[in-house]
Amino acid sequence: ETGVTQTPRHLVMGMTNKKSLKCEQHLGHNAMYWYKQSAKKPLELMFVYSLEERVENNSVPSRFSPECPNSSHLFLHLHTLQPEDSALYLCASSPGLGGDYEQYFGPGTRLTVT
Amino acid sequence: QKEVEQNSGPLSVPEGAIASLNCTYSDRGSQSFFWYRQYSGKSPELIMFIYSNGDKEDGRFTAQLNKASQYVSLLIRDSQPSDSATYLCAVNTGGGADGLTFGKGTHLIIQP
């Protein structure tokens, strides 16, 4: 266990549904991240939060909406997704931003869009 | 465009031998380098990180960094079947808000 938890672990949703992914870190870290991992592709950074403020949005479609109510919790709200959005969604945290800090990953949510 | 390149493998190594995993990166300003291990169906697990040129050893693992050649490697000594996994190289350019740029990973198989 890395101290980063994610729920749900598996999610199947239709294209018209709305769902949310939750991430919680118990490490006292200040930065949190959402990544997407698709088959045959490298991990793709989606969003970066530092002390509850979004500092990076890597051209992610608006059907993905992040929320960070405090430094321990991170959500990813999903609506009107496409089948190509099916992937493993990973949350990570680090003590701070920048190159000196390692990131620790949660177990991920396996998302299937039907 | 920041890129991190790895040979996807599979790389097959006999048990007890040294496994050598390689990674190159395009951004000369990169400052820190990470190796993650990912078992099938699981999330990436941090193995080592390195910031300075040279070698860094932790148990059976050694990370090697050559910034002039933009090259980082991971050596696994006395390879065990439990080391069979995909190894991800990740690079942080230290530009403040960036997360990590990952390679596609090398699939390592340790043959008993």
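All values below come from the heavy atoms of this structure, side chains included, with hydrogens, waters and symmetry mates left out. Within every chain, numbering begins at 1; the chains are lettered A, B, ... in the order of the sequence lines, protein sequences first and strands thereafter.
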- Item | Distance in Å, A:Phe64 CZ paired with A:Leu78 CG, rounded so as to fall on 0.5 Å steps | 6.0 Å
- Task: Give a yes or no on whether the ring-centroid distance for B:Tyr36 and B:Phe102 is below 6.0 angstrom.
- Result: yes
- Which atoms of A:Leu90 come close to chain B, meaning under 4.5 Å heavy atom to heavy atom: side chain ones, backbone ones, both, or neither? side chain
- When you look at CD of A:Gln82, are more than 12 heavy atoms from neighbouring residues, nucleotides or ligands closer to it than 6.0 Å? yes
- Is the shortest heavy-atom distance from the side chain of A:Met46 to the side chain of A:Leu76 under 4.5 Å? yes
- What about the rings of A:Tyr35 and A:Phe47, do their centers lie closer together than 6.0 Å? no
- Between A:Tyr33 and A:Phe105, does the ring centre distance come in under 6.0 Å? no
- Under a 4.5 Å heavy-atom criterion, the part of residues 11-22 of chain A in contact with chain B comprises none
- Message: What part of A:Glu44 gets within 4.5 angstrom of chain B, counting heavy atoms only: side chain, backbone, both, or neither?
- Response: neither
- Query: About how many Å separate CG of A:Leu88 and OG of A:Ser38, when rounded to the nearest 0.5 Å?
  - Reply: 9.0 Å
- Any residue of residues 39-47 of chain B which, by heavy atoms, sits under 4.5 Å from chain A: B:Lys42, B:Ser43, B:Pro44, B:Leu46
- Message: Pairing donors with acceptors under 3.5 angstrom, does anything connect the side chains of B:Arg77 and B:Thr62?
- Response: yes
- Message: Pairing donors with acceptors under 3.5 angstrom, does anything connect the side chains of A:Gln103 and A:Tyr101?
- Response: no
- With A:Ser93, the side chain to side chain donor-acceptor pair (under 3.5 Å) member among A:His29, A:Glu24, A:His26: A:His29
